[in-house]
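We count residues from 1, following the sequence as given.
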Amino acid sequence: MSIPNYSGLEPLRIFKGANFVNIGERTNVTGSAAFRKLIKEGNYDEAVNVARQQVENGAQVIDVNMDEGLIDGVQAMTKLLNLIAAEPDIARVPVMVDSSKFSVIEAGLKCLQGKGIANSISLKEGEEEFLRQAKIIRRLGAAAVVMCFDEKGQADNYERRIAIAQRVYDLLTTVAGFPPHDIIIDPNILTVATGMSEHDRYAIDYIEAVRWIKQNLPGALVSGGVSNVSFSFRGNEPVREAIHTAFLYHAIQAGMDMGIVNAGQIGVYDDIPKDLLEHVEDVLLARRPDATERMVTFAEQFKGAPSAEVVAAQAAWREGTVEDRLKHALVHGVTEYIEADTEEARSKYSEPVLVIEGPLMAGMNVVGDLFGSGKMFLPQVVKSARVMKRAVAYLEPFLEEKKKQNAASPPGPLSQGEGDPTPSRGGGPPGTRQGAKKVLLATVKGDVHDIGKNIVGVILACNGWQVIDLGVMVQSATILKTARELKVDIIGLSGLITPSLDEMVHVAKEMEREGFETPLLIGGATTSRVHTAVRIAPHYSKPVVHVIDASRSVPVVSNLLSDNERVRFEAEIKAEYAKVRTQYEGSQREKEYLPLPEVRAKKFKIDWTEEPPVAPKSTGVFSYRNYPLKDLVPYIDWRPFFMAWELAGKYPAILTDAVVGTEATRLHNDALKMLDRMVKEQWIQAHGVAGIWPANAVNDDDIALYANADRTAVLGTCQTMRQQSKKAPGVPYIALADFIAPKGTPDFLGGFAVTAGHGVDERVKRFEAAHDDYSAILVKALADRLAEAFAEKLHEIVREELWGYETAPFTNEQLIREEYQGIRPAPGYPACPDHTTKPELFRLLDATAHTGITLTESLAMYPTAAVSGWYFAHPRSKYFGVGRVGRDQVQDLAQRKGMDQQEMERWLGSNLGYEP
């Protein structure tokens, strides 16, 4: 067997018994924020120095990666590698050209002087593309790292790892002409100790796969990204170091040849404390079922300090003054000692309210400053609020006793004035300093979504304002009555569904009619700056401000309540929104909408003879009561979960993001722990229903559903909307009805409704009673994710079993990318913007009986963790946006539905291409 040789200016020989090859990871924009900053700023001289430091620190290969959205990967890779080639002290080692884009790999390999390594290729896009890339790498004289991915996705167990390894080895040696020693297999080092049992064997399965590869694939080498294994403990460097060291000890014994590692995170195996090593190896080797739980608990003592100084550093903050300890607990979200420290402060201060207005508010001011400066993230702030609430809850009996003793004393910080009708709910720390400004928040009538509003409440309360949260589905009269009685300083309205926009307009009109002067904030997923400026602000003469997310709420409220800044800020907003209205009016004048008959003539056309409809195996309505939650967990899409917490990034890359990675990992770990309890203890129930009915397109844009196979009895009608904004010649104007065959050709339409929300409200009440907003918001966000996962799972059941037109399984990543055949548009979304189709869908499914989901007067679903929509099965069906439409279509739709035109316009407000 020939010895694997890679080279820069000097050869690197890898042979049996050779030392482990350390691949330097700091010249990687995805793993090093400092290196990414240098590349973005064009500071290539310093970037070259980073590469030099890697070599000086012992890297035998340097991994170079330029994968970042705002970096031209080909240009950046070419430039850096050409500069490195002119530096002999760096160029002496081989380069691993690392990218998810093959064009970048190819460009990088062309710059290398010696024999480099391409990282990586895989079977993800099939054998043809895999072999094409492999042959190019071979032609350019490089070795290849091959990831254990195939068309089904990532290999995450032992059997899948070895099967893919065998397959790629055979293809590369027999078809692509690779010598075995130029094949470097990466069997996927995945994160352990996540709290999910299916991840327990990730490390041991990798190690055993390494052993199998070395025994069965002669000459092939094995590599991996070592830091992946410890992501669950990001921010706990002593524990991560121990995990990396122990993992490498076992993996190298099994035959691992090389790895991308940070040498600073590798220690000496024999130097790991025995108790820590026991816990680490229990996790890595899956030696006991409770290994993760024990490790998480044990690891807490090591957080934030080098292992040699753990005990002293952990104890240091407990040695400070009570004020310092309270501040530390608030900033770091530590609840363990909060009652003892609060009692000590109460004994020190003459009045219990002074503990709140003094050290507790001082700590929350630090939290607010850190959040405002971007040094603290939303999940951390919510944890801080939990600490504050528990401290104030402890003080409450003493505050009440003081009130009894002295009737003239200021009211306790939890109250909003004697006899106030509406207590603060879910709005963050109730301990607000005396005389604090008041912000009233409410989700408007007909809408039940409140996660975002609750987060805003926590953020505002953390900054010292008193938050009065009226909850969901709040009538405008209640909002204004409470605002007057409590003399609030700001009113904030929230809503998720489109009809909420009209309700916000109504509230603004009522505020003007009643002579309010209170600033009005507008927020929620459906809202926008343009809609606020165009539709809401003209109806209220006082400040109306759109708040795009929770982090923006603080500066907006600060400016509106500042004696020095309010006049300037209000003038700026007024001028800005006037400009927005002018621009909007101009854009509307420029837009052209074709007449409805013309766009119908230019519909999306399918040759139903060449591409016939897909006949289902079964028709009717199918109920899925108490669906197992554990079967939904693998279908969770985590990206919207992080977005709800204002942590932006693609999952799982967000867990290693240089800016938010640490907090994203903490949040994810918390979520996984709670998710595990939700499943095991059955906190919530999931119910679903699906239906498939004979159907045909009728009257251009409608879909008739039939009660029987001979299509003589009409069961119901789904009215769809058609694109009307002028397009380029030859481009069709689409309606969902175009994806259903006309009469004469048998076709079918499906529908569904699912929820994972039953039981959520009860659990939220428990958390709020325990002053734990963080867990209350977390359980709501997870229920939302499980509902979406149920929609994904049920669609899979429909495609594979009920309709039966698709049998190939998809990975979760493929499902998220919607690579399957067919679509499931939801009422209120771009392809189906008309919410009023929802009652018909629910009637057809008898959805309330099967799932317990009800519709509010604004057609929001309750429980809020719910999803509903239609199933279209034809392979040509696709998602699209209807966009704005003309008056003639709205008139036609109202007539088809038997509704008044003005009512139809109210439901379609954001889709109107004209002023009603």
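Residue L675 forms a side-chain contact (heavy atoms from CB on, under 4.5 Å) with just one option from L786, L629, V779, and that option is L786.
To the nearest 0.5 Å, atom OG of residue S858 and atom NE2 of residue H835 are 9.0 Å apart. The distance from atom SG of C718 to atom CG of L736, rounded to the nearest 0.5 Å, is 7.0 Å. Rounded to the nearest 0.5 Å, atoms OG1 (T619) and CD1 (I692) are 7.5 Å apart. With rounding to the nearest 0.5 angstrom, the CZ atom of R529 is 10.0 Å from the OG1 atom of T532.
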Would you please test R824 and E792 for salt bridge (charged side-chain N to carboxylate O under 4.0 Å, His left out) and show each step?
CA-CA 10 Å; R824 57 170 191 272; E792 196 71 79; 3.1 Å; yes

Take D702 and R896 through the test salt bridge (charged side-chain N to carboxylate O under 4.0 Å, His left out) and record every step on the way to the result.
CA-CA 9 Å; D702 293 344; R896 284 150 51 204; 2.6 Å; yes

Taking it one step at a time, do W683 and H758 satisfy ring pair (Phe, Tyr, Trp, His ring centres under 6.0 Å)?
CA-CA 9 Å; W683 285 7; H758 293 292; over 10 Å; no

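In this view, E857 and K445, Q475 satisfy the side-chain contact (heavy atoms from CB on, under 4.5 Å) rule, not counting sequence neighbours. Among residues two or more places apart in sequence or in another chain, the side-chain contact (heavy atoms from CB on, under 4.5 Å) test is passed with M643 by R639. H546 meets the side-chain hydrogen bond (donor to acceptor under 3.5 Å, both in side chains) test with T527; sequence neighbours excluded. Here H850 pairs with nothing under the ring pair (Phe, Tyr, Trp, His ring centres under 6.0 Å) rule; sequence neighbours left out. The side-chain hydrogen bond (donor to acceptor under 3.5 Å, both in side chains) check on Q133 picks up E129, with sequence neighbours excluded. Residues passing the side-chain hydrogen bond (donor to acceptor under 3.5 Å, both in side chains) test with E840, sequence neighbours excluded: R843. Scored by the side-chain hydrogen bond (donor to acceptor under 3.5 Å, both in side chains) test, W638 finds no partners at all (sequence neighbours excluded). Annotation: salt bridge (Lys or Arg N to Asp or Glu O under 4.0 Å) contacts of K838 (sequence neighbours excluded): none. E796 pairs by the salt bridge (Lys or Arg N to Asp or Glu O under 4.0 Å) definition with K793, not counting sequence neighbours.
We find that E598 and K602 are joined by a salt bridge, their nearest charged nitrogen and carboxylate oxygen being less than 4.0 Å apart. Between R160 and D156, none of the side-chain N atoms (NZ, or NE/NH1/NH2) sits under 4.0 Å from a carboxylate O, so this pair counts as no salt bridge. A salt bridge does not link K135 to E106: none of the charged side-chain nitrogens sits closer than 4.0 Å to a carboxylate oxygen. Between R906 and D900 no salt bridge is recorded (no basic side-chain N to carboxylate O distance below 4.0 Å). A salt bridge links K897 to D834: at least one charged side-chain nitrogen sits closer than 4.0 Å to a carboxylate oxygen.
Here the side chain of Y635 pairs no donor or acceptor atom with the backbone of L794 at under 3.5 angstrom. A side-chain donor-acceptor contact under 3.5 Å links N708 to the backbone of T712. Distance alone, capped at 3.5 Å, places no donor-acceptor pair between the Y871 side chain and the P825 backbone. Counting only distance, with no hydrogens or angles, the side chain of N188 and the backbone of L190 share no donor-acceptor pair below 3.5 Å. Without hydrogens or angle criteria, Q724 side chain to G886 main chain gives a donor-acceptor distance under 3.5 Å. For the pair T856 (side chain) and G446 (backbone), a donor-acceptor distance under 3.5 Å is present. In this structure, Q723 contributes its side chain and V599 its backbone to no donor-acceptor pair below 3.5 Å. Side-chain atoms of S122 do not come within 3.5 Å of backbone N or O of C148 as any donor-acceptor pair. Not a single donor-acceptor pair under 3.5 Å links the side chain of S877 to the backbone N or O of A873.
Taking the six-membered ring for Trp and the full ring otherwise, H668 and F641 have centroids separated by 6.0 Å or more. Taking the six-membered ring wherever Trp is involved, the centroid distance between the rings of W608 and H874 falls below 6.0 Å.
Here the closest heavy-atom approach between residue A695 and residue I703 is recorded as CB-CG2, 3.9 Å. Heavy atoms only, all atoms of each residue included: A686 and L632 are closest at CB-CD1, 4.1 Å. In terms of heavy atoms, V633 sits closest to V679 at CG2-CG2, 4.0 Å. Considering all non-hydrogen atoms of both residues, L172 and A134 come closest at CD2-CB, 3.5 Å. Minimum interatomic distance between S120 and M147 (heavy atoms only, all atoms of both residues): OG-CG, 3.1 Å. Taking each heavy atom of E611 and R876 in turn, the nearest pair found is OE1-NH1, 2.8 Å.
Residues M678 and I684 meet the side-chain proximity criterion, which asks for heavy atoms closer than 4.5 Å. Two residues are said to be in side-chain contact when any heavy atoms from C-beta on lie closer than 4.5 Å; R167 and E127 meet this criterion. Contact annotation: the side chain of V614 approaches that of Q821 to within less than 4.5 Å [non-hydrogen atoms, C-beta and beyond]. Within the 4.5 Å cutoff, the side chain of L912 has heavy atoms near those of the E905 side chain. Side-chain contact between L859 and W907 is present, with at least one heavy-atom pair separated by less than 4.5 Å. Inter-residue side-chain proximity for S725 and R884 is flagged as unmet; no heavy-atom pair is nearer than 4.5 Å. For the pair F880 and P830, the minimum side-chain heavy-atom distance is 4.5 Å or more. Contact of the V714 side chain with the L705 side chain is not registered, since no non-hydrogen atoms from C-beta on lie closer than 4.5 Å.
Cation-pi geometry between R799 and Y820 is met: the NZ or CZ atom falls under 6.0 Å from the ring centre, inside 45° of the normal. Figure legend: cation-pi geometry between K124 and F149, with NZ or CZ positioned under 6.0 Å from the six-membered ring centre and within 45° of its axis. Under the 6.0 Å distance and 45° angle rule, K726 does not count as a cation-pi partner of Y593.
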Kindly list each side-chain donor-acceptor pair under 3.5 angstrom involving residues 738-753, sequence neighbours excluded, with atom names and distances?
{"unit_1": "D738", "atom_1": "OD1", "unit_2": "R722", "atom_2": "NH1", "d": "3.3"}
{"unit_1": "D738", "atom_1": "OD1", "unit_2": "R722", "atom_2": "NH2", "d": "2.8"}
{"unit_1": "D738", "atom_1": "OD2", "unit_2": "F604", "atom_2": "N", "d": "3.1"}
{"unit_1": "D738", "atom_1": "OD2", "unit_2": "R722", "atom_2": "NH1", "d": "2.8"}
{"unit_1": "D738", "atom_1": "OD2", "unit_2": "A735", "atom_2": "N", "d": "3.1"}
{"unit_1": "D747", "atom_1": "OD2", "unit_2": "A741", "atom_2": "N", "d": "2.8"}

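Note on residues 684-696: pairs passing side chain to side chain donor-acceptor pair (under 3.5 Å), not counting sequence neighbours, are N696-R711. The ring pair (Phe, Tyr, Trp, His ring centres under 6.0 Å) pairs that include a residue from residues 610-630 are Y627-F790, where partners are two or more places apart or lie in different chains.
Within 6.0 Å of CD in Q682 there are 12 or fewer heavy atoms belonging to other residues, nucleotides or ligands.
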